Peer 1: 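First the structure, which I've put down as structure tokens, then a few questions once you've had a look.
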Amino acid sequence: METSTTSSYTAKLIDGPLEGKTVATAFLETGEPRPRLELSGEHGKRYVYGRAAGLEFSSENDDRPSAVEYRFLETVFD
């Protein structure tokens, strides 16, 4: 059985100011999805999202998810 060796996945932003958007994101060196994302916004804002429970796999043979859900945590102003 073959397993997936992709180096990135789709982060699905499920709420907050960027709700409905998706972002291509690299896995950590350990092969795990990132626990937290910081995304740049307008006027010096950064949006912080934390990993949620939702995972999607392209096929049942994949060892890494193809998509991971993220929930809004906070807005940081620079």
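What you are looking at is a predicted structure, and each value in this text was computed from that prediction instead of being measured. Position 1 is the first residue of the sequence; numbering continues from there. Just so it is clear, the values below take in all heavy atoms, side chains as well, and ignore hydrogens, waters and symmetry mates.
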Peer 1: Can you name the salt bridge (Lys or Arg N to Asp or Glu O under 4.0 Å) partners of Glu19, sequence neighbours left out?
Peer 2: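 Here no residue qualifies.
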Peer 1: Show which side-chain atoms of residues 48-58 pair as donor or acceptor with protein atoms under 3.5 Å away, not counting sequence neighbours.
Peer 2:
residue: Tyr49; atom: OH; partner: Asp15; partner atom: O; Å: 2.9
residue: Tyr49; atom: OH; partner: Leu18; partner atom: N; Å: 3.1
residue: Glu56; atom: OE1; partner: Lys12; partner atom: NZ; Å: 3.4
residue: Glu56; atom: OE2; partner: Lys12; partner atom: NZ; Å: 2.5
residue: Ser58; atom: OG; partner: Ser66; partner atom: OG; Å: 3.4

Peer 1: Do the side chains of Asp62 and Glu60 get nearer than 4.5 Å, heavy atoms only?
Peer 2: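 No; the side chains remain at least 4.5 Å from each other.
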Peer 1: Which value, rounded to the nearest 0.5 Å, describes the distance between Thr75 atom OG1 and Arg46 atom CZ?
Peer 2: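 If I round to the nearest 0.5 Å, the distance is 10.5 Å.
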Peer 1: Where do Lys45 and Tyr47 come nearest, in terms of heavy atoms and distance?
Peer 2: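 Looking at all heavy atoms of both residues, the closest pair is CD-OH, 3.5 Å.
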Peer 1: To the closest 0.5 Å, what do you measure between OG (Ser8) and CZ (Phe27)?
Peer 2: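 If we round to the nearest 0.5 Å, Ser8:OG and Phe27:CZ are 7.0 Å apart.
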Peer 1: How close do Pro33 and Leu28 get, counting heavy atoms only, and between which atoms?
Peer 2: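 That would be O-CD1, 4.0 Å.
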Peer 1: Quick one: do Thr25 and Val68 satisfy side-chain contact (heavy atoms from CB on, under 4.5 Å)? Show the steps, please.
Peer 2: CA-CA 10 Å; Thr25 306; Val68 177; over 6 Å; no
Peer 1: Would Arg64 pass as a cation-pi partner of Tyr9, given that its NZ or CZ must be under 6.0 Å from the six-membered ring centre and within 45 degrees of the axis?
Peer 2: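 So Arg64 doesn't make the cation-pi contact.
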Peer 1: Would Leu39 end up clustered with Ile14 when hydrophobic side chains under 4.5 Å apart are linked, directly or stepwise?
Peer 2: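 They do not share one cluster, since no chain of ILVMFWY contacts under 4.5 Å joins Leu39 to Ile14.
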